[in-house]
Amino acid sequence: MNVSHTSPSHHEDQTLPHVLVVDDDRRIRSLLQKFLVQEGFRVTTADSAQSARNYLEGLEFDLLILDIMMPGEDGLSLTRSLRETKDVPILLLTARGEAEHRIEGLEQGADDYLAKPFEPRELVLRLKAILKRAHNTEPELRQDVRMGAAKFDLRREE
């Protein structure tokens with residue numbers, strides 16, 4: 001399992017939207033991570049649906065970016081499964097940009113769909129629009145953070 005976590009230099013800033021990027025292509029994960037961090041996002045990356053599930057068990061994310069075509073469980077199956085229990089916004093990224101593929105992704109519960117290759121600025125604008133709709137304002141400071149069985153109250157710092 002190849003996973004990584006990177007944040008801007010002001011990593012304590014919990015007001016920054018936390019994005020999970022799931023893609024089996026290391027180069028794409030790395031490029032997306034660098035670009036999104038520069039654009040003011042906290043970014044965690046995972047190389048498979050299983051490693052994404054591991055993160056989702058203990059961390060909260062403001063948005064997921066999922067590649068559709070991955071070995072093992074694909075992004076569509078992961079999206080469908082997550083929709084049964086989670087409300088987190090999902091943007092699907094894929095090389096399959098035909099209308100029927102976009103429709104299938106949206107039917108599985110994705111909030112948006114972007115075909116590769118894409119303009120990085122378009123991706124950021126789509127992410128910001130999704131977050132604005134999801135929160136109906138700018139993302140707010142979390143009151144608590146969960147890591148596995150541990151829960152931290154940020155207001156009380158305990």
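A quick note: this is a predicted structure, and the numbers were derived from the prediction, not measured. Quick note: numbers below take in every heavy atom, side chains included, and nothing from hydrogens, waters or symmetry partners.
A donor-acceptor pair is defined here as one N or O able to donate and one able to accept, closer than 3.5 Å; such a pair exists between the side chain of T79 and the backbone of G75. D74 contributes no side-chain N or O that, together with a main-chain N or O of I68, makes up a donor-acceptor pair within less than 3.5 Å. A donor-acceptor contact shorter than 3.5 Å links the side chain of R42 to the backbone of L16.
Using a 4.5 Å heavy-atom threshold, the side chains of D47 and R29 count as touching. The closest side-chain heavy-atom distance from L91 to L64 is not below 4.5 Å. In this structure the side chain of I130 reaches within 4.5 angstrom of the side chain of L63, judged on heavy atoms. Within the 4.5 Å cutoff, the side chain of L66 has heavy atoms near those of the I90 side chain. Looking only at side-chain heavy atoms (C-beta outward), L92 and L76 come within less than 4.5 Å of each other. Residues D62 and V19 have side chains not in contact (no heavy-atom distance under 4.5 Å, counting atoms from C-beta outward). No side-chain heavy atom of D67 sits less than 4.5 Å from a side-chain heavy atom of V22. Contact annotation: the side chain of L123 approaches that of L32 to within less than 4.5 Å [non-hydrogen atoms, C-beta and beyond].
The aromatic rings of Y55 and F61 sit perpendicular to each other, their planes meeting at more than 60°, with 30° as the lower class boundary.
Heavy-atom neighbours of E119 CD from other residues, nucleotides or ligands within 6.0 Å: at or below the threshold of 12.
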Report the C-alpha separation of V43 and F35 in whole Å, then their side-chain angles, then the decisive distance to 0.1 Å, and conclude whether the side-chain contact (heavy atoms from CB on, under 4.5 Å) test is met. CA-CA 10 Å; V43 178; F35 182 74; over 6 Å; no
Residue pair Q33, V21: steps toward the side-chain contact (heavy atoms from CB on, under 4.5 Å) verdict: CA-CA 8 Å; Q33 184 176 39; V21 175; over 6 Å; no
Using the rule given for side-chain hydrogen bond (donor to acceptor under 3.5 Å, both in side chains), can you reason through T44 versus H18, listing the C-alpha separation, both sets of side-chain angles and the distance that settles it, and then say yes or no? CA-CA 8 Å; T44 301; H18 193 184; 2.7 Å; yes
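Of all the heavy atoms in T94 and M69, the pair that sits closest is OG1-CE, 3.9 Å. Closest non-hydrogen pair, P17 versus G40, comes out as CD-O, 3.8 Å. Of all heavy-atom pairs between A52 and A46, the closest is N-CB, 3.8 Å. Between E73 and S81 the shortest heavy-atom distance is OE2-CB, 4.4 Å.
Tested against E39 for a side chain to side chain donor-acceptor pair (under 3.5 Å), the candidates R121, K34, K128 yield a single pass: R121.
Using a 4.0 Å cut-off between charged side-chain N and carboxylate O, K116 and D23 make a salt bridge. Taking a cutoff of 4.0 Å between a charged side-chain nitrogen and a carboxylate oxygen, R53 and E57 do not qualify as a salt bridge. Taking 4.0 Å as the cut-off between side-chain N and carboxylate O, R83 and D111 count as a salt-bridged pair.
In this structure, CD on E122 lies 5.0 Å from CG on L114, to the nearest 0.5 angstrom.
Using a 4.5 Å cut-off between side-chain heavy atoms of Ile, Leu, Val, Met, Phe, Trp and Tyr, with links allowed through other members, L36 and F118 fall into the same hydrophobic cluster.
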